[in-house]
Amino acid sequence: MIQDLNGKYFDNQYCDYEPRPEDKVISLKDGCMVLSGGTRDEIIFPAVAELSEADRQQKMRYLFAIGGERFFLARDIELPGCHYEKLQYLRHGGPKEAVYAGLVAMQIGRFYEALQFCGRCGHPMEHSARERMMYCPKCHNEEYPKICPCVIAGVIHDGKILVSQYKGGATDHYALIAGFAEVGETIEACVAREVFEETHLHVKNLRYYKSQPWPFSDSLLFGFFCDLDGDDHIIIEEDELAMAKWVSPEEIREENNDYSLTNEMLCRFKEDYG
(Lines give C-alpha, C1' and ligand atoms only; values in the text may rest on other atoms or scores of the structure.)
Protein backbone atom coordinates (compact mmCIF):
# COMPACT_ATOMS: atom_id res chain seq x y z
CA MET A 1 0.00 0.00 0.00
CA ILE A 2 1.04 3.64 -0.21
CA GLN A 3 2.81 3.56 3.16
CA ASP A 4 5.02 0.62 2.15
CA LEU A 5 8.09 2.51 0.99
CA ASN A 6 10.23 -0.04 -0.84
CA GLY A 7 12.06 -0.95 2.35
CA LYS A 8 12.87 2.65 3.29
CA TYR A 9 12.22 3.72 6.89
CA PHE A 10 9.71 6.52 7.46
CA ASP A 11 10.96 8.55 10.44
CA ASN A 12 8.28 11.04 11.45
CA GLN A 13 9.71 12.10 14.81
CA TYR A 14 9.71 15.88 14.91
CA CYS A 15 12.97 17.77 15.45
CA ASP A 16 13.59 21.49 15.06
CA TYR A 17 16.21 20.97 12.35
CA GLU A 18 17.63 23.67 10.11
CA PRO A 19 17.56 22.68 6.42
CA ARG A 20 20.73 21.57 4.64
CA PRO A 21 21.41 22.22 0.92
CA GLU A 22 20.67 18.60 0.00
CA ASP A 23 17.35 18.38 1.91
CA LYS A 24 14.13 18.25 -0.08
CA VAL A 25 11.48 20.97 0.00
CA ILE A 26 7.74 20.45 -0.35
CA SER A 27 6.17 23.85 -0.94
CA LEU A 28 2.40 24.33 -0.66
CA LYS A 29 0.27 26.94 -2.38
CA ASP A 30 -3.53 27.10 -2.65
CA GLY A 31 -3.93 23.40 -1.92
CA CYS A 32 -1.20 22.38 -4.39
CA MET A 33 2.42 21.30 -4.00
CA VAL A 34 5.50 22.16 -6.01
CA LEU A 35 7.24 19.54 -8.14
CA SER A 36 10.61 19.90 -9.82
CA GLY A 37 9.98 18.90 -13.42
CA GLY A 38 9.54 15.19 -14.02
CA THR A 39 6.36 13.25 -14.75
CA ARG A 40 3.89 11.24 -12.70
CA ASP A 41 6.24 8.28 -13.02
CA GLU A 42 9.12 10.38 -11.67
CA ILE A 43 7.87 12.72 -8.96
CA ILE A 44 10.74 14.95 -7.82
CA PHE A 45 10.78 17.64 -5.13
CA PRO A 46 13.36 20.46 -5.35
CA ALA A 47 16.34 20.58 -3.01
CA VAL A 48 17.05 23.50 -0.69
CA ALA A 49 20.12 24.38 -2.79
CA GLU A 50 17.86 25.04 -5.80
CA LEU A 51 15.83 27.75 -4.03
CA SER A 52 16.36 31.44 -4.54
CA GLU A 53 18.05 33.40 -1.80
CA ALA A 54 14.71 34.98 -0.86
CA ASP A 55 12.96 31.62 -0.58
CA ARG A 56 15.77 30.19 1.55
CA GLN A 57 15.22 33.01 4.04
CA GLN A 58 11.73 31.85 4.95
CA LYS A 59 11.29 29.56 7.94
CA MET A 60 11.05 26.00 6.61
CA ARG A 61 9.48 23.53 9.00
CA TYR A 62 10.97 20.04 9.29
CA LEU A 63 8.52 17.31 8.20
CA PHE A 64 10.08 13.82 8.32
CA ALA A 65 12.78 11.65 6.78
CA ILE A 66 12.39 8.72 4.38
CA GLY A 67 15.38 6.44 4.03
CA GLY A 68 17.53 9.13 5.69
CA GLU A 69 16.47 11.85 3.23
CA ARG A 70 15.00 14.87 5.04
CA PHE A 71 11.93 16.81 3.88
CA PHE A 72 10.96 20.36 4.84
CA LEU A 73 7.74 22.33 4.45
CA ALA A 74 7.79 25.73 2.74
CA ARG A 75 5.23 28.14 1.28
CA ASP A 76 4.80 29.69 -2.17
CA ILE A 77 8.30 29.15 -3.57
CA GLU A 78 8.77 29.88 -7.27
CA LEU A 79 11.41 28.10 -9.34
CA PRO A 80 12.04 27.94 -13.09
CA GLY A 81 10.88 24.59 -14.40
CA CYS A 82 8.81 23.78 -11.31
CA HIS A 83 5.05 23.38 -11.30
CA TYR A 84 2.33 23.16 -8.65
CA GLU A 85 -0.03 20.18 -8.72
CA LYS A 86 -3.10 19.13 -6.74
CA LEU A 87 -3.02 16.21 -4.34
CA GLN A 88 -4.75 13.89 -6.81
CA TYR A 89 -1.78 14.25 -9.17
CA LEU A 90 0.14 11.96 -6.84
CA ARG A 91 -2.51 9.24 -6.73
CA HIS A 92 -1.13 7.31 -9.68
CA GLY A 93 2.45 8.55 -9.49
CA GLY A 94 5.79 7.19 -8.39
CA PRO A 95 8.16 6.35 -6.90
CA LYS A 96 6.13 5.35 -3.88
CA GLU A 97 8.30 7.14 -1.32
CA ALA A 98 7.86 10.44 -3.20
CA VAL A 99 4.10 9.93 -3.40
CA TYR A 100 3.84 9.25 0.31
CA ALA A 101 6.08 12.21 1.15
CA GLY A 102 3.77 14.51 -0.77
CA LEU A 103 0.61 13.09 0.78
CA VAL A 104 1.84 13.33 4.38
CA ALA A 105 3.32 16.80 3.76
CA MET A 106 -0.09 18.01 2.60
CA GLN A 107 -1.72 16.55 5.71
CA ILE A 108 0.78 18.28 8.02
CA GLY A 109 0.46 21.49 5.99
CA ARG A 110 -3.31 21.49 6.47
CA PHE A 111 -2.77 21.14 10.22
CA TYR A 112 -0.42 24.13 10.39
CA GLU A 113 -2.71 26.26 8.23
CA ALA A 114 -5.80 25.48 10.30
CA LEU A 115 -4.04 26.30 13.58
CA GLN A 116 -2.72 29.76 12.86
CA PHE A 117 -4.98 31.16 15.59
CA CYS A 118 -6.10 29.72 18.89
CA GLY A 119 -9.58 28.25 18.81
CA ARG A 120 -10.03 29.08 22.50
CA CYS A 121 -8.97 32.74 22.71
CA GLY A 122 -8.12 33.81 19.14
CA HIS A 123 -4.48 34.66 19.86
CA PRO A 124 -1.86 33.75 17.20
CA MET A 125 -0.49 30.25 17.74
CA GLU A 126 3.22 29.38 17.88
CA HIS A 127 5.19 26.29 16.88
CA SER A 128 6.61 24.04 19.56
CA ALA A 129 10.35 23.47 19.19
CA ARG A 130 10.22 20.05 20.89
CA GLU A 131 7.31 18.28 19.13
CA ARG A 132 4.83 18.63 16.28
CA MET A 133 2.40 20.81 18.20
CA MET A 134 0.96 24.32 18.05
CA TYR A 135 0.47 26.19 21.31
CA CYS A 136 -1.06 29.44 22.43
CA PRO A 137 1.30 31.60 24.54
CA LYS A 138 -1.70 33.49 25.96
CA CYS A 139 -4.08 30.78 27.24
CA HIS A 140 -1.66 27.81 26.95
CA ASN A 141 -3.93 25.82 24.64
CA GLU A 142 -2.06 22.99 22.86
CA GLU A 143 -3.10 21.47 19.54
CA TYR A 144 -1.76 18.33 17.86
CA PRO A 145 -2.34 17.00 14.31
CA LYS A 146 -5.82 15.60 13.79
CA ILE A 147 -6.05 11.87 13.07
CA CYS A 148 -9.55 10.48 12.45
CA PRO A 149 -10.11 6.75 13.11
CA CYS A 150 -12.13 5.10 10.35
CA VAL A 151 -13.23 1.50 9.71
CA ILE A 152 -13.50 -0.52 6.50
CA ALA A 153 -15.69 -3.62 6.69
CA GLY A 154 -15.51 -6.61 4.37
CA VAL A 155 -18.78 -8.42 5.20
CA ILE A 156 -18.82 -12.03 3.96
CA HIS A 157 -21.81 -14.37 3.48
CA ASP A 158 -22.09 -17.66 1.57
CA GLY A 159 -18.84 -17.07 -0.34
CA LYS A 160 -19.81 -13.52 -1.35
CA ILE A 161 -18.74 -10.11 -0.09
CA LEU A 162 -20.81 -6.97 0.45
CA VAL A 163 -19.73 -4.14 -1.88
CA SER A 164 -21.09 -0.65 -2.38
CA GLN A 165 -20.76 2.50 -4.42
CA TYR A 166 -21.04 5.92 -2.84
CA LYS A 167 -23.23 8.68 -4.20
CA GLY A 168 -21.15 10.91 -6.44
CA GLY A 169 -18.23 8.46 -6.35
CA ALA A 170 -16.59 6.37 -9.06
CA THR A 171 -19.02 3.97 -10.71
CA ASP A 172 -16.37 1.66 -12.17
CA HIS A 173 -14.95 0.51 -8.82
CA TYR A 174 -16.44 -1.26 -5.84
CA ALA A 175 -16.09 0.07 -2.31
CA LEU A 176 -16.53 -1.64 1.03
CA ILE A 177 -18.67 -0.29 3.84
CA ALA A 178 -16.68 2.37 5.66
CA GLY A 179 -17.13 5.20 8.12
CA PHE A 180 -15.63 7.28 10.91
CA ALA A 181 -15.68 6.33 14.57
CA GLU A 182 -17.86 8.43 16.86
CA VAL A 183 -16.88 9.91 20.23
CA GLY A 184 -16.85 7.25 22.94
CA GLU A 185 -17.15 4.37 20.47
CA THR A 186 -14.82 1.39 20.10
CA ILE A 187 -13.50 0.49 16.66
CA GLU A 188 -15.36 -2.84 16.83
CA ALA A 189 -18.64 -1.10 17.68
CA CYS A 190 -18.03 1.31 14.80
CA VAL A 191 -17.89 -1.61 12.34
CA ALA A 192 -21.26 -2.94 13.50
CA ARG A 193 -22.87 0.51 13.51
CA GLU A 194 -21.62 1.58 10.08
CA VAL A 195 -22.70 -1.66 8.43
CA PHE A 196 -26.16 -1.41 9.98
CA GLU A 197 -26.59 2.30 9.22
CA GLU A 198 -25.65 1.90 5.56
CA THR A 199 -27.26 -1.49 4.77
CA HIS A 200 -29.47 -2.57 7.74
CA LEU A 201 -27.37 -5.74 8.10
CA HIS A 202 -25.93 -7.19 11.30
CA VAL A 203 -22.41 -8.66 11.57
CA LYS A 204 -20.48 -11.04 13.82
CA ASN A 205 -17.04 -12.68 14.09
CA LEU A 206 -14.98 -9.55 13.45
CA ARG A 207 -11.44 -10.33 12.26
CA TYR A 208 -8.91 -7.50 12.21
CA TYR A 209 -7.01 -7.43 8.92
CA LYS A 210 -4.71 -4.39 8.65
CA SER A 211 -4.48 -0.63 9.19
CA GLN A 212 -3.47 2.17 6.84
CA PRO A 213 -2.72 5.89 7.28
CA TRP A 214 -4.85 7.81 4.75
CA PRO A 215 -3.59 11.40 4.43
CA PHE A 216 -6.35 12.38 1.97
CA SER A 217 -8.83 12.68 4.86
CA ASP A 218 -6.48 12.85 7.89
CA SER A 219 -7.59 9.30 8.68
CA LEU A 220 -6.21 6.10 10.14
CA LEU A 221 -8.10 3.21 8.54
CA PHE A 222 -8.82 -0.06 10.34
CA GLY A 223 -9.76 -2.95 8.05
CA PHE A 224 -11.92 -5.84 9.29
CA PHE A 225 -13.44 -8.91 7.73
CA CYS A 226 -16.62 -10.14 9.39
CA ASP A 227 -19.56 -12.46 8.80
CA LEU A 228 -23.21 -11.68 8.24
CA ASP A 229 -25.37 -12.26 11.30
CA GLY A 230 -28.95 -13.02 10.25
CA ASP A 231 -31.00 -11.86 7.25
CA ASP A 232 -29.05 -10.92 4.09
CA HIS A 233 -31.67 -8.47 2.74
CA ILE A 234 -30.02 -5.09 2.07
CA ILE A 235 -31.73 -1.75 2.68
CA ILE A 236 -29.30 0.98 1.66
CA GLU A 237 -28.85 4.36 3.28
CA GLU A 238 -29.83 6.41 0.24
CA ASP A 239 -28.26 9.63 1.52
CA GLU A 240 -24.81 8.00 1.25
CA LEU A 241 -24.92 5.00 -1.06
CA ALA A 242 -25.84 4.64 -4.71
CA MET A 243 -25.98 0.86 -4.33
CA ALA A 244 -24.91 -2.11 -2.20
CA LYS A 245 -24.99 -5.78 -3.17
CA TRP A 246 -23.44 -9.21 -2.61
CA VAL A 247 -20.86 -10.24 -5.20
CA SER A 248 -18.88 -13.42 -5.82
CA PRO A 249 -15.08 -13.44 -6.29
CA GLU A 250 -15.60 -13.80 -10.05
CA GLU A 251 -17.56 -10.53 -10.15
CA ILE A 252 -14.77 -8.46 -8.59
CA ARG A 253 -13.01 -6.53 -11.36
CA GLU A 254 -10.40 -4.89 -9.15
CA GLU A 255 -6.74 -5.84 -9.52
CA ASN A 256 -4.24 -5.20 -6.74
CA ASN A 257 -2.89 -1.68 -7.23
CA ASP A 258 -0.66 -1.71 -4.11
CA TYR A 259 -2.29 1.55 -3.02
CA SER A 260 -5.40 1.39 -0.84
CA LEU A 261 -6.63 -0.83 1.96
CA THR A 262 -10.03 -1.26 0.31
CA ASN A 263 -8.43 -2.49 -2.89
CA GLU A 264 -6.18 -4.92 -1.02
CA MET A 265 -9.09 -6.32 0.99
CA LEU A 266 -11.18 -6.90 -2.12
CA CYS A 267 -8.27 -8.62 -3.83
CA ARG A 268 -7.58 -10.73 -0.74
CA PHE A 269 -11.21 -11.90 -0.70
CA LYS A 270 -11.01 -12.63 -4.43
CA GLU A 271 -7.85 -14.68 -3.87
CA ASP A 272 -9.09 -16.57 -0.78
CA TYR A 273 -12.59 -17.38 -2.01
CA GLY A 274 -12.08 -17.60 -5.76
Side-chain angles (χ1 to χ4, degrees), residues 1-4 6 40 88 90-94 96 99-100 103 148-182 185-217 219-274:
M1 295 186 288
I2 54 173
Q3 73 273 16
D4 301 323
N6 299 318
R40 288 197 184 195
Q88 291 297 331
L90 299 177
R91 192 167 185 120
H92 303 289
K96 192 181 287 188
V99 172
Y100 199 58
L103 294 177
C148 305
C150 178
V151 300
I152 298 176
V155 186
I156 298 172
H157 175 59
D158 284 347
K160 295 186 177 182
I161 192 168
L162 179 65
V163 298
S164 66
Q165 289 176 342
Y166 286 90
K167 276 195 169 181
T171 58
D172 56 341
H173 291 286
Y174 288 140
L176 296 174
I177 301 300
F180 292 97
E182 299 287 353
E185 182 177 54
T186 67
I187 290 297
E188 293 82 1
C190 180
V191 173
R193 176 183 57 78
E194 284 291 343
V195 173
F196 182 76
E197 285 182 355
E198 296 189 6
T199 63
H200 275 68
L201 298 174
H202 294 281
V203 296
K204 62 183 180 181
N205 301 333
L206 271 66
R207 303 178 295 280
Y208 173 71
Y209 174 67
K210 192 179 285 188
S211 66
Q212 179 181 32
W214 194 244
F216 291 99
S217 55
S219 305
L220 179 59
L221 311 179
F222 296 85
F224 288 86
F225 285 108
C226 50
D227 299 324
L228 177 71
D229 185 12
D231 186 20
D232 65 357
H233 178 62
I234 299 168
I235 303 174
I236 68 168
E237 173 53 66
E238 295 184 352
D239 290 341
E240 291 192 32
L241 298 185
M243 75 84 180
K245 63 180 181 179
W246 300 102
V247 299
S248 66
E250 294 74 25
E251 296 174 88
I252 295 175
R253 301 181 296 273
E254 278 73 12
E255 298 294 335
N256 198 328
N257 60 17
D258 197 28
Y259 194 83
S260 73
L261 181 57
T262 295
N263 173 270
E264 183 173 310
M265 290 176 67
L266 283 167
C267 292
R268 174 56 62 90
F269 167 79
K270 182 178 178 181
E271 178 183 331
D272 289 350
Y273 286 80

Open item on the list: Can you confirm whether Phe224 sits close enough to Ile187 that some side-chain heavy atom of one is under 4.5 Å from a side-chain heavy atom of the other?
Closed with: yes
Task: Plane angle bin for Phe216 and Tyr259 - parallel if under 30°, tilted between 30 and 60°, otherwise perpendicular - done: tilted
- [ ] Working to the nearest 0.5 Å, report the span between CD of Glu264 and CG of Asp4.
- [x] 8.0 Å
- [ ] Can you see which heavy atom on Pro249 is nearest to which on Gly159, and at what distance?
- [x] CD-O, 3.5 Å
Open item on the list: Tell me whether Arg207 is salt-bridged to Asp227, with the criterion being a basic N under 4.0 Å from an acidic carboxylate O.
Closed with: yes
Task: Nearest heavy atoms of Gly94 and Val99, plus distance in Å - done: N-CG2, 3.7 Å
TODO: Nearest 0.5 Å please: distance from the CZ atom of Arg193 over to the CD atom of Glu198.
DONE: 9.0 Å
- [ ] May I ask you to say whether Lys96 pairs ionically with Asp258, meaning some side-chain N is under 4.0 Å from a carboxylate O?
- [x] yes
Open item on the list: Looking at every non-hydrogen atom in both residues, tell me the closest pair between Pro213 and Ile2 and how far apart they are.
Closed with: O-CD1, 4.2 Å
Task: Geometric class of the Tyr209/Phe225 ring pair [parallel <30°, tilted 30-60°, perpendicular >60°] - done: perpendicular
- [ ] Examine distances only and state if a side-chain atom of Lys167 and a backbone atom of Glu238 form a donor-acceptor pair shorter than 3.5 Å.
- [x] yes
TODO: Could you tell me whether the side chain of Tyr174 reaches within less than 4.5 Å of the side chain of Thr262, counting heavy atoms only?
DONE: no
TODO: For the pair Glu251 (side chain) and Ser248 (backbone), establish whether a donor and an acceptor sit closer than 3.5 Å, ignoring hydrogens and angles.
DONE: yes
TODO: Looking only at non-hydrogen atoms, find the nearest pair between Leu206 and Val191 and report the distance.
DONE: CD2-CB, 3.8 Å
Task: Minimum heavy-atom distance Tyr166-Leu176, with the two atoms named - done: OH-O, 3.5 Å
Open item on the list: Any heavy-atom pair between the side chains of Glu197 and Glu240 that's under 4.5 Å?
Closed with: no
Task: Donor-acceptor contact below 3.5 Å, side chain Glu194 vs main chain Ile152 - done: no
Task: Distance, nearest 0.5 Å, that separates CG of Leu241 from CD1 of Ile177 - done: 5.5 Å
- [ ] Kindly compute the distance separating CG (Asn6) from OH (Tyr100), expressed to the nearest 0.5 Å.
- [x] 13.5 Å
TODO: Report yes if some heavy atom in the side chain of Leu228 is under 4.5 Å from a heavy atom in the side chain of Asp158; otherwise report no.
DONE: no
- [ ] May I ask you to test the Cys148-Trp214 pair for a side-chain heavy-atom distance under 4.5 Å?
- [x] no
TODO: Find the distance between OG (Ser211) and CD (Gln3) and round it off to the nearest 0.5 Å.
DONE: 7.0 Å
In residues 267-274, what donor-acceptor pairs under 3.5 Å come from side-chain atoms, sequence neighbours left out?
| residue | atom | partner | partner atom | Å |
| --- | --- | --- | --- | --- |
| Lys270 | NZ | Ile252 | O | 3.2 |
| Lys270 | NZ | Glu254 | O | 3.4 |
| Lys270 | NZ | Glu255 | OE2 | 3.4 |

Open item on the list: In the structure I gave you, are the side-chain heavy atoms of Pro149 and Leu220 within less than 4.5 Å of one another anywhere?
Closed with: no
Open item on the list: In the structure I gave you, are the side-chain heavy atoms of Ile234 and Leu162 within less than 4.5 Å of one another anywhere?
Closed with: yes
Open item on the list: Looking at every heavy atom in both Ala192 and Val203, which two are closest together, and how far apart are they?
Closed with: CA-CG2, 4.0 Å
Task: Gap between atom OG of Ser219 and atom CG of Leu261 - 0.5 Å precision - done: 11.5 Å
Open item on the list: Any heavy-atom pair between the side chains of Met1 and Lys210 that's under 4.5 Å?
Closed with: yes
